Amino acid sequence: MNEAETRHQDFIRQIVASDVAAGKNDGRVHTRFPPEPNGYLHIGHAKSICLNFGLAREFGGTCNLRFDDTNPEKEDVEFVDSIRQDIRWLGFDWDNEYFASDYFEQLYEWAVQLIKAGKAYVCDLTVDEVREYRGGWNQPGRNSPYRDRSVEENLELFERMKSGEFRDGERTLRAKIDMSSDNMNLRDPAMYRIRHATHHRTGDKWCLYPNYDWAHGQSDSIEGITHSVCTLEFEHHRPLYDWYIEQLGIHHPQQIEFAKLAVSHTMMSKRRLTELVTGGYVEGWDDPRMPTISGFRRRGFTPDSIRNFANRVGITKHNSVTDLALLNLCIREHLNKIAPRVTGVLDPLKVVIENYPEGEFEMRETAINPEDELAGTREVPFGRELYIERADFLVDAPKKFFRLTVGGEVRLRNAYFLKCNQVVKNEADEIVELRCTYDPQTAGGKAPDGRKVKGTIHWISAPHAIDAEVRLYDVLFENEDPSDVPEGQDWKDQINPNALVVMTNAKLEPMLADASAGDQFQFVRNGYFCVDSKDSRPGKPVFNRTVTLKDAWINEQKKGSVS
RNA sequence: UGCCCGAUGGUGUAAUGGUAACACAUCUGAUUUUGGUUCAGACAUUCUAGGUUCGAGUCCUAGUCGGGUAACCA
């Protein structure tokens, strides 16, 4: 309970706290996370998971995992498994695991109860007819001609619906509420539809499936949920859930709605994410470009960083868009503390130090993580032939370019000052090599004569370096709001073709050959990277860029190009 | 067109009738053997109009703007 008292109280936590204080539900707090297993969890679900599990944890309550599996045509065990894995990875464990399909029998009995009470009826109207009878925002609906069937007839028909006598969509069971209600959800909503489909858990036992609205509230009730937290769009379903609960006279959970997460440059629609996967626009649900939890995991995000992000975005009742920069801040913040520093030259340029003896090497000491003294130091080889980052050299350098230029001097990190004397080009006029000299007096990076250099660049000993594939990831959508599609365009036209850039010729420190899946590093000056969990092979790792380092030079360049 | 919900710096949130604050972003500067980190600073906020009150971001009324909503989806 301490955590609940000390942390900032959003409006939901305030409600829960006051309920507990008032002794409502005997002071019990019981929440649940109720995903439909029809896709992978995304960062928006992470917000909901952190809220529901967090509430239970902070108030000494419990949190269930319940799969809302009332639509056999869309759901699959693959999704059930991925959801379990993602929640655990995020650092949460559920007290009970349930499925809405566990309650099919109970729901059926309750439906019979409502029929007997004259509160539900079997309707023969087609989908189109139902729509027509429902009326519009301005005009009330009309009663279905089947609304006044006798209880006996309804009972018999409903039984026959269950036993499979009718075709898909031929009949529905509807609640008898109010066809003139301002709330469309109350205009005799469907409770059951006929679907001769195989369910991932109940198989072919049922051909009658409860609609979400008929299943959801009662599922919460059965589980003794005290606070049913959900997103805003279910606000006008609440009166319907309340109506069902009251008719049945069962435990009444309190539904509280909050605004779902939106993040800039990020597509969160489950339907569209599914389309990205099935259409082959990405390589799968766990593609590091995806905003799925598995995508973030593979990309190198830590559970800490995502939980931290979820806590920072806050809980409110109004829709807003969180800046992607906040998510990036969260992962940088964490990785800065824990990631060992290594050298990875993504786009190598050969450097030959003409005054360094051929065939000789020395070891230079380097801090494993300057943010963590306990991490210690290690040694890396230095010799006559190195690779540096191509972007760290410029022939015609602007004043503010602090890196290597012809005739200019720069510091090689943890080593010596280096001066470039000559540029070697190939027939295509491309720079292929730099002829340089180093100053042996500057061992350790300081000149005895006190002269200074502005820049420090990273390097790697050419004969020692290993080759590796490094994948540079960027936003899947360059526009802030990917759902804002220009006239005549498809949302998929806006996919950023540079969201993945593969560097096939990167030069890495030899120790990285032994890194195992998921290991995380900072490639000094380049960003945070992790070993890809799918495509890496023993001795042949593939690295994914999780996030770049903040880069003041990029901002400087932008300013230059504008002014 | 009805109904429901919402509105605080560029962005995300806080202030629960009593000095509008925090974080991100941006910009300055310092430190720095990562143009990273860290540190210091700057910029900038209550949708409008009325009302209640000694006092309103907060309560009331109206308006404006935004979102949701008429699957046998969830």
Side-chain angles (χ1 to χ4, degrees), chain A residues 8-11 14 34-36 38 68-71 73-75 100 123 125-127 130-131 134-141 168-174 181-185 187 189-195 209 211-213 215-216 230-239 257 259 263-264 270-271 312-330 332-333 336-337 341 343 366-367 369-371 400-403 411-415 444-446 453-458 480 522-528 548-557 559:
Chain A
H8 159 67
Q9 296 239 315
D10 53 69
F11 79 98
Q14 286 176 36
E36 183 193 11
N38 68 342
D68 268 335
D69 55 350
T70 54
N71 185 349
E73 289 166 332
K74 289 188 177 173
E75 294 147 10
C123 183
L125 255 27
T126 64
V127 183
V130 167
R131 186 180 304 119
R134 186 157 33 227
W137 279 321
N138 264 343
Q139 74 267 43
D168 284 6
E170 207 174 328
R171 281 174 224 263
T172 55
L173 184 74
R174 294 226 261 161
S181 172
D182 286 332
N183 186 339
M184 289 292 174
N185 294 121
R187 319 248 266 221
M191 295 163 63
Y192 277 97
R193 75 286 208 184
I194 298 170
R195 283 296 113 90
Y209 290 96
N211 285 70
Y212 175 83
D213 280 346
H216 188 77
C230 67
T231 46
L232 253 27
E233 67 266 31
F234 293 105
E235 214 157 5
H236 19 293
H237 292 240
R238 178 155 33 93
E257 307 88 8
V263 181
S264 62
K270 222 171 175 181
R271 207 193 83 240
R312 287 209 221 193
V313 295
I315 307 289
T316 65
K317 285 198 73 159
H318 57 269
N319 295 307
S320 57
V321 181
T322 297
D323 196 334
L324 218 213
L326 185 64
L327 218 206
N328 287 338
L329 172 86
C330 290
R332 284 192 188 113
E333 219 169 56
N336 178 47
K337 292 280 184 292
R341 271 57 169 175
T343 302
T366 175
N369 184 352
E371 299 298 311
K400 291 202 171 176
F401 185 80
F402 302 150
R403 284 109 99 145
R411 175 165 39 230
L412 294 175
R413 192 167 185 272
N414 294 310
K446 284 196 176 64
V453 290
K454 275 289 234 181
T456 301
I457 64 173
H458 60 280
E480 278 187 32
Q522 182 193 108
F523 287 4
V524 167
R525 301 209 308 132
N526 271 323
Y528 296 99
T548 61
L549 256 27
K550 261 175 70 177
D551 191 343
W553 172 234
I554 283 184
N555 286 349
E556 198 62 46
Q557 283 172 303
K559 274 189 282 178

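This one's a predicted model, so the numbers in the text were calculated from it and none came from an experiment. In what follows, every chain begins at residue 1, and chains take the letters A, B, ... in the order their sequences are listed.
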ask   = Taking only residues two or more places apart in sequence or in another chain, which ones pass salt bridge (Lys or Arg N to Asp or Glu O under 4.0 Å) with A:E371?
value = none

message = So A:R131, base contact, sugar-phosphate only, or nothing? Heavy-atom distance under 4.0 Å.
response = sugar-phosphate

query = OP1, OP2 of B:rG35 versus side-chain N and O of A:R525: anything below 4.0 Å?
reply = yes

message = Among B:rG36, B:rC73, B:rC5, which nucleotide has an atom closest to any side-chain atom of A:K317?
response = B:rC5

ask   = Got A:L549 and A:Q522 here, is their nearest side-chain heavy-atom distance under 4.5 Å?
value = yes

query = Just checking A:L549: base, sugar-phosphate only, or nothing, at a heavy-atom cut-off of under 4.0 Å?
reply = base

request  = Report the C-alpha separation of A:H237 and A:D213 in whole Å, then their side-chain angles, then the decisive distance to 0.1 Å, and conclude whether the side chain to side chain donor-acceptor pair (under 3.5 Å) test is met.
outcome  = CA-CA 8 Å; A:H237 292 240; A:D213 280 346; 2.9 Å; yes

ask   = Taking a pair as Watson-Crick (N1 to N3 plus N6-O4 or O6-N4) or G-U wobble (N1-O2 and O6-N3), both under 3.5 Å, which stems of 3 or more consecutive pairs involve RNA chain B?
value = B:2-7 with B:64-69, B:10-13 with B:21-24, B:26-30 with B:38-42, B:47-51 with B:59-63

ask   = With a cut-off of 6.0 Å (strictly less than), are more than 12 heavy atoms of other residues, nucleotides or ligands near CD of A:E480?
value = no

ask   = Phosphate oxygens OP1/OP2 of B:rG36: is one of them under 4.0 Å from a side-chain N or O of A:H458?
value = no

request  = Please figure out whether A:P34 or A:R134 has its closest RNA chain B nucleotide nearer the 5' end.
outcome  = A:R134

task = Find the distance A:L324:CG to B:rA23:C1' and express it as a whole number of Å.
result = 16 Å

ask   = Between B:rG36, B:rU11, B:rG2, which one does the side chain of A:W137 approach most closely?
value = B:rG2

Side-chain N,O (A:R193) to OP1/OP2 (B:rC73) below 4.0 Å = yes

request  = Using a 4.0 Å heavy-atom cut-off across all strands, classify A:P35 as base, sugar-phosphate, or nothing.
outcome  = nothing

ask   = Stepwise, does the side-chain contact (heavy atoms from CB on, under 4.5 Å) test hold for A:R193 with A:N71?
value = CA-CA 10 Å; A:R193 75 286 208 184; A:N71 185 349; 3.8 Å; yes

task = May I ask you to check whether over 12 heavy atoms, not counting those of A:K454, lie within 6.0 Å of atom NZ?
result = no

ask   = How would you label the contact of A:R195 with the nucleic acid (heavy atoms, under 4.0 Å): base, sugar-phosphate, or nothing?
value = base

message = Using the P atom as the point on both nucleotides, what is the distance between B:rC59 and B:rA14, in whole Å?
response = 14 Å

query = Rounded to the nearest Å, what distance is computed from the CD atom of residue A:E257 to the P atom of nucleotide B:rC4?
reply = 14 Å

ask   = Can you find a side chain N or O atom of A:S320 that sits less than 4.0 Å from OP1 or OP2 on B:rU13?
value = yes

key: A:M184 CE to B:rC4 P, straight-line distance once rounded to whole Å   = 13 Å

inquiry  = Do A:N369 and A:K337 make a side-chain contact, defined as non-hydrogen atoms from C-beta onward lying under 4.5 Å apart?
reply    = no

request  = State the syn/anti category of B:rA71 according to its glycosidic angle, syn meaning within 90° of 0.
outcome  = syn

query = Where is the tightest heavy-atom contact between A:R312 and A:C330, given as atom of each residue plus distance?
reply = NE-SG, 3.9 Å

Pairwise P distance, B:rC73 and B:rG6 [rounded to whole Å] = 30 Å

query = With respect to the phosphate group of B:rA70, does any side-chain polar atom (N or O) of A:N185 fall under 4.0 Å of OP1 or OP2?
reply = no

key: Atom-pair distance (CD1 on A:I457; P on B:rG35), nearest Å   = 10 Å

query = NA contact type, A:T316, heavy-atom cut-off 4.0 Å: base, sugar-phosphate, or nothing?
reply = sugar-phosphate

query = How would you label the contact of A:Q522 with the nucleic acid (heavy atoms, under 4.0 Å): base, sugar-phosphate, or nothing?
reply = base

request  = Identify whether any heavy atom of A:D68 sits under 4.0 Å from a base atom; if not, whether one sits that close to sugar-phosphate; answer base, sugar-phosphate or nothing.
outcome  = sugar-phosphate

inquiry  = OP1 or OP2 of B:rG2 versus the side-chain N and O atoms of A:R187: is any pair under 4.0 Å?
reply    = no

task = Give A:F401 one of three labels, base, sugar-phosphate or nothing, depending on what nucleic acid heavy atoms sit under 4.0 Å from its own.
result = base

inquiry  = Any base atoms under 4.0 Å from A:Y192, or only sugar-phosphate, or nothing? Heavy atoms, all strands.
reply    = nothing

task = Give A:E36 one of three labels, base, sugar-phosphate or nothing, depending on what nucleic acid heavy atoms sit under 4.0 Å from its own.
result = sugar-phosphate

message = Under 4.0 Å, heavy atoms only, any strand: does A:V127 hit a base, just the sugar-phosphate, or nothing?
response = base

key: 5'-most by nearest nucleotide on RNA chain B - A:N336 or A:L329   = A:L329

inquiry  = I'd like the P distance from B:rC4 over to B:rG41, given in whole Å.
reply    = 49 Å

query = Under 4.0 Å: is that the gap between some side-chain N or O of A:R238 and OP1 or OP2 of B:rC5?
reply = no

query = Going by the angle between their ring planes, with limits at 30° and 60°, are A:F234 and A:H216 parallel, tilted or perpendicular?
reply = parallel

key: Distance below 4.0 Å between A:T70 side-chain N/O and B:rA74 OP1 or OP2   = yes

ask   = Does A:R238 pair with A:E257 as a salt bridge, N-O distance under 4.0 Å?
value = yes

ask   = What nucleic acid atoms does A:R413 come within less than 4.0 Å of, heavy atoms only: base, sugar-phosphate, or nothing?
value = base

inquiry  = Applying a 4.0 Å non-hydrogen cut-off, can you work out what A:R411 is touching in the nucleic acid: base, sugar-phosphate, or nothing?
reply    = base

note = Rounded to whole Å, the NE2-C1' distance (A:H236 to B:rA74) equals 14 Å

request  = Identify whether a stacking contact exists between A:Y212 and B:rC73, where the ring centres must be under 5.5 Å apart and the planes under 30° apart.
outcome  = no

inquiry  = Using whole Å, what does the distance between atom C1' of nucleotide B:rA70 and atom CG of A:D213 come to?
reply    = 13 Å

ask   = How is A:D551 classified with respect to the nucleic acid when contacts are heavy atoms under 4.0 Å: base, sugar-phosphate, or nothing?
value = sugar-phosphate

inquiry  = Expressed as a whole number of angstroms, how long is the span from A:N319:CG to B:rC5:P?
reply    = 15 Å

request  = Whole angstrom is fine here: how far is it from NE2 in A:H237 over to C1' in B:rC3?
outcome  = 13 Å

